[in-house]
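Everything below concerns the one structure shown next.
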Amino acid sequence: MSTFKYSVAVQAADFDLSAEVRALTAADHAAGAVASFVGLVRDNNDGTGVADMTLEHYPGMTEKALEEIVLKAGERWELLGVRVIHRIGHLMPGDQIVLVVVSSPHRGNAFSACEFIMDYLKTQAPFWKKETTDVGSRWVDARVSDDDAMAKWRDQIGL
Amino acid sequence: MSTFKYSVAVQAADFDLSAEVRALTAADHAAGAVASFVGLVRDNNDGTGVADMTLEHYPGMTEKALEEIVLKAGERWELLGVRVIHRIGHLMPGDQIVLVVVSSPHRGNAFSACEFIMDYLKTQAPFWKKETTDVGSRWVDARVSDDDAMAKWRDQIGL
Amino acid sequence: MVTVLFFAGLREAVGTGIEELALPAGVDTVAGLRDHLIARGEQWQALATAKNLRAAVNQDMVPLTTAIKDGDEVAFFPPVTGG
Amino acid sequence: MVTVLFFAGLREAVGTGIEELALPAGVDTVAGLRDHLIARGEQWQALATAKNLRAAVNQDMVPLTTAIKDGDEVAFFPPVTGG
C-alpha cells in the first residue's frame with residue numbers, strides 16, 4: 001500500500017528538478033506519472049526589462065500555507081507524492097523561483113494537482129516580488145489572471 | 001523576439017529532466033514557466049505485478065507523429081520551447097519512459113500544452129508496450145481513459 | 001498585547017515590519033485594528049489607501065471582518081505575488 | 001508494389017513485420033488491402049479479428065477507408081500504448 005508523502009521548503013538555495021523527482025519516486029514503483037512545474041525569473045514584465053528580483057516572505061506562514069495547499073491537493077486527487085520548494089532572497093533573470101513536483105499512478109491526477117497547487121500558491125502563499133527594472137525598483141502587482149485561475153478551481157472543486 | 005523551438009527524440013538511452021529543462025530555457029530568459037511530464041514504468045498494471053517491459057515502435061512514423069503533436073501545441077498556445085523524448089527497448093519498473101517539457105512566458109499555456117502533448121501522444125504516436133507479468137508476457141491494452149482524454153481536447157480546441 | 005506585522009510595499013510605506021501593541025478598548029476585529037492604526041496619523045495612511053489590503057491572523061489569511069483577541073499575531077500585506 | 005508493415009501483437013499474430021507485394025487489381029483502399037490479406041488464409045485472420053485495428057499510410061494514421069496506390073507504405077497495428 002502506497003501512502004501520500006509530501007514536503008515543502010522555503011529556502012534561499014537553488015534546487016535540482018531531477019534530484020527532487022528521483023527523491024519523490026525512489027521509494028516505490030507505483031508512480032507512473034510525474035508532473036512538474038518550475039517558475040523562472042523572466043527578463044521582462046509587462047514590456048519593461050527586469051535586471052534582478054528580491055523575494056520577500058512571511059516566515060512561518062509561508063510553510064504553513066504551502067502545506068495546506070498540498071494537503072488540499074492530496075484530498076482531492078489520488079497522489080503518491082508532492083514536493084514544493086519556493087526560493088526567497090535575491091534572484092537573477094533565468095533563476096529558478098519555485099518548484100512543484102507531483103507523482104501519481106496516472107497522469108490526469110498528476111497534471112491537475114500540479115496546476116492546482118501552482119494556482120493556489122500564486123494567490124494564497126505569502127511571498128512578494130520586488131524587481132529592479134529599466135525604470136527603477138518596484139513591487140510586482142498581483143495579476144487578475146491569477147485570481148481568475150484560482151476562481152476556476154473554486155468553481156470546479158468547491159474550495 | 002523569442003521564437004518557438006522544439007525537438008523530439010526516440011531513443012533507447014535514458015534522459016535527465018533537469019538537463020533538458022536547462023537546454024530549453026538557456027537561450028533566453030523570456031520563459032517564466034516550465035511544465036514537465038515524466039512517465040515511469042510502474043511495478044503493477046491492473047493489479048498484476050510487472051517485472052519488466054519492452055517498448056516497440058514504428059521507426060520514422062514515431063518521430064513524425066511526435067513532431068506533428070508538438071506543432072499542433074505550438075499553434076494553439078503561446079510557447080517558447082518544447083522537448084519530447086520517448087524511450088524504446090527494454091525497461092524496468094521505475095525507469096523513465098517518456099519526457100515532455102514545455103516552456104512559455106506564462107504557466108497556464110505551459111500546463112495545457114504539456115498535458116495536451118501527453119494525451120495526444122498516448123493515442124496517436126506508434127509505440128506499443130509488452131510487459132512481463134506474474135502471469136506471463138502480454139501486450140498492454142489501450143485504455144478507454146486515454147481515448148476520453150483525447151476526445152476532451154477535440155471538443156475543447158476543435159482538433 | 002498583539003503582534004502586528006507588515007510586509008512588502010506596505011511595510012515600506014508604514015516604515016516598520018513589526019509592532020507590538022496593547023489591543024485598545026473596543027478594537028476586536030482586523031478592520032478595527034486597521035482603523036485604529038490609520039487614526040494615528042500620516043505614516044499609517046497606506047493602510048487606508050492600499051488596494052486590496054490583505055490580512056492574516058495567526059498565519060491564516062482571513063477577511064478583515066475576522067475577530068482578534070489579546071495574544072494574536074495580525075499581519076497586513078498587499079496581494080501576494082510569489083510563484 | 002506496396003510495403004506492408006505489421007506491429008506489436010498483430011506482427012506476432014501474422015508472423016511477419018514486413019511484406020512487399022504488388023497491389024492486386026481492384027484493391028485501392030486500406031480496407032481492400034486488409035481484406036485481400038485476410039483471404040489468403042489462416043495466418044492472416046488476426047487482421048479480421050483485431051479489436052480496433054489501426055492503420056497508417058505513408059506514416060500518417062488514417063481511417064481504413066483511405067485510398068492507397070502503388071508505392072505507398074501501409075501499416076497495420078493495434079491501438080497504440082506508448083507514453
Side-chain angles (χ1 to χ4, degrees), chain A residues 2 14-22 24-45 49-51 80 92-108 110-112 114-119 121-122 143 145-146 148-149 152, chain B residues 2 14-22 24-45 49-51 80 92-108 110-112 114-119 121-122 143 145-146 148-149 152:
Chain A
S2 298
D14 200 7
F15 51 78
D16 181 71
L17 174 56
S18 295
E20 297 299 334
V21 169
R22 269 195 302 275
L24 204 62
T25 57
D28 65 51
H29 295 141
V34 182
S36 309
F37 180 84
V38 173
L40 303 170
V41 180
R42 296 166 62 208
D43 58 11
N44 72 88
N45 188 6
V50 173
L80 290 168
M92 303 294 289
D95 280 354
Q96 304 187 114
I97 306 173
V98 61
L99 164 105
V100 177
V101 180
V102 178
S103 65
S104 171
H106 301 295
R107 75 184 182 285
F111 274 119
S112 294
C114 191
E115 186 165 12
F116 165 79
I117 290 169
M118 273 308 302
D119 287 345
L121 183 158
K122 278 269 177 184
R143 289 178 183 278
S145 61
D146 287 332
D148 293 347
K152 182 192 70 179
Chain B
S2 298
D14 200 5
F15 51 78
D16 180 72
L17 174 56
S18 294
E20 298 299 334
V21 169
R22 270 195 302 275
L24 203 62
T25 56
D28 65 52
H29 296 141
V34 182
S36 310
F37 181 84
V38 173
L40 303 169
V41 180
R42 297 167 61 207
D43 59 11
N44 72 88
N45 189 4
V50 173
L80 290 167
M92 303 294 290
D95 281 354
Q96 303 187 116
I97 305 173
V98 62
L99 164 105
V100 177
V101 180
V102 177
S103 65
S104 170
H106 301 295
R107 74 183 182 287
F111 274 119
S112 295
C114 190
E115 186 165 14
F116 165 79
I117 289 169
M118 273 308 303
D119 287 345
L121 183 159
K122 278 268 177 184
R143 288 179 184 277
S145 61
D146 288 332
D148 293 347
K152 181 192 69 177

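- B:F37 and A:G32 get closest at one heavy-atom pair: CZ-O, 4.4 Å.
- Contact count versus chain B (heavy atoms, under 4.5 Å) is highest, among A:I97, A:D43, A:V50, A:V98, for A:D43.
- Neither the backbone nor the side chain of B:D95 comes within contact range of chain A, judged by heavy atoms closer than 4.5 Å.
- Side chains of B:S36 and A:S36: no donor on one and acceptor on the other come within 3.5 Å.
- Here A:C114 is the residue among A:C114, A:G108, A:A110 with the most heavy-atom pairs under 4.5 Å with chain B.
- Here the CG atom belonging to B:N44 is positioned 9.5 Å from the CG atom belonging to A:D28, to the nearest 0.5 angstrom.
- In this structure, the portions of A:A35 lying under 4.5 Å from any heavy atom of chain B include both its backbone and its side chain.
- Proximity to chain A is limited to the backbone of B:V41, based on heavy atoms less than 4.5 angstrom apart.
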Exercise for the section: Give the C-alpha distance, both sets of side-chain angles, the deciding distance and a yes or no for side-chain contact (heavy atoms from CB on, under 4.5 Å) between B:R22 and A:Q96. Expected result: CA-CA 10 Å; B:R22 270 195 302 275; A:Q96 304 187 114; over 6 Å; no

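- Summarising the geometry of A:P105 relative to B:R42, their closest heavy-atom pair is O-CD, 3.7 Å, with the distance given to 0.1 Å.
- The backbone N or O of A:S18 lies less than 3.5 Å from a partner atom in the side chain of B:S18, making a donor-acceptor pair.
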